[in-house]
Amino acid sequence: MIRFLATRSFLLLAFVGLPLGVQAQGTPPLGVPVATEKPAPYDARLLRLSEILGSVHYLRTLCKDPAADTWRQSMQDLLDKEALGEAERRARMTAAFNRGYRAFASVYTACTPPAVVADERYRAEGATLASEITARFGN
């Protein structure tokens with residue numbers, strides 16, 4: 001629960017579109033100790049949030065949103081805060097992000113009205129999920 005407190009503000013910021021400067025793939029920086037992985041009670045929710053971030057990143061890029069990369073950057077920040085030094089957890093979260101991205105890439109090849117609706121619904125779900133996680137597992 002302690003590591004979650006570091007992401008409390010991030011989760012809320014991710015869904016209001018504030019940019020966070022990081023990239024979606026990668027390994028922990030050199031010199032960062034590798035932590036023993038301990039499942040958190042909110043891991044399933046974080047995986048769903050990761051998947052939503054991937055989906056929204058794809059849809060916002062498809063619809064040529066100039067801030068589309070913010071979603072990928074938000075995912076990197078989430079990885080850095082929640083899975084730093086935990087390779088397996090990081091891999092699961094990255095896989096969820098990529099799964100969300102690919103799911104919409106296989107359906108939408110143009111920014112259509114249904115793609116816009118999907119983007120709005122996923123952002124709403126992500127905001128709700130982020131609020132629920134912070135309310136239940138924050139302080």
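A distance of 11.5 Å separates OG1 in T61 from CH2 in W71, rounded to the nearest 0.5 Å. Atom CG of L59 is separated from atom CG of D65 by 11.0 Å, given to the nearest 0.5 angstrom. The distance from atom OG of S50 to atom CG of L79, rounded to the nearest 0.5 Å, is 6.5 Å. The structure places CG of L53 at 12.0 Å from OH of Y122, a figure rounded to the nearest 0.5 Å.
Between E82 and R90, none of the side-chain N atoms (NZ, or NE/NH1/NH2) sits under 4.0 Å from a carboxylate O, so this pair counts as no salt bridge.
If you run side chain to side chain contact (heavy atoms under 4.5 Å, CB included) between M93 and each of L49, N98, L78, D43, only L78 comes through. The side chain to side chain contact (heavy atoms under 4.5 Å, CB included) test with I52 is passed by exactly one of R121, E125, R123: E125.
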Exercise. Check the pair E51, L47 against side chain to side chain contact (heavy atoms under 4.5 Å, CB included), reporting the backbone distance first and the verdict last.
Key: CA-CA 6 Å; E51 193 171 339; L47 289 177; over 6 Å; no
Self-check item: Derivation and outcome, side chain to side chain contact (heavy atoms under 4.5 Å, CB included), residues C111 and K64
Solution: CA-CA 8 Å; C111 185; K64 300 191 183 349; over 6 Å; no
Exercise. Please step through side chain to side chain contact (heavy atoms under 4.5 Å, CB included) for the pair I133 and L129, ending with a clear verdict.
Key: CA-CA 6 Å; I133 293 170; L129 187 56; 4.1 Å; yes
Exercise. Kindly indicate, with the supporting measurements, whether the criterion side chain to side chain contact (heavy atoms under 4.5 Å, CB included) is fulfilled by F137 and R45.
Key: CA-CA 11 Å; F137 300 101; R45 290 174 180 93; 3.6 Å; yes
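Side-chain contact check for L46 versus R89: some heavy-atom pair is nearer than 4.5 Å.
Between the R60 side chain and the A67 main chain, no donor and acceptor come within less than 3.5 Å of each other.
Both F97 and V107 belong to a single network of hydrophobic side chains, linked directly or stepwise wherever heavy atoms of I, L, V, M, F, W or Y lie under 4.5 Å apart.
Taking the six-membered ring where the residue is Trp, the centroids of Y58 and Y101 are separated by under 6.0 Å.
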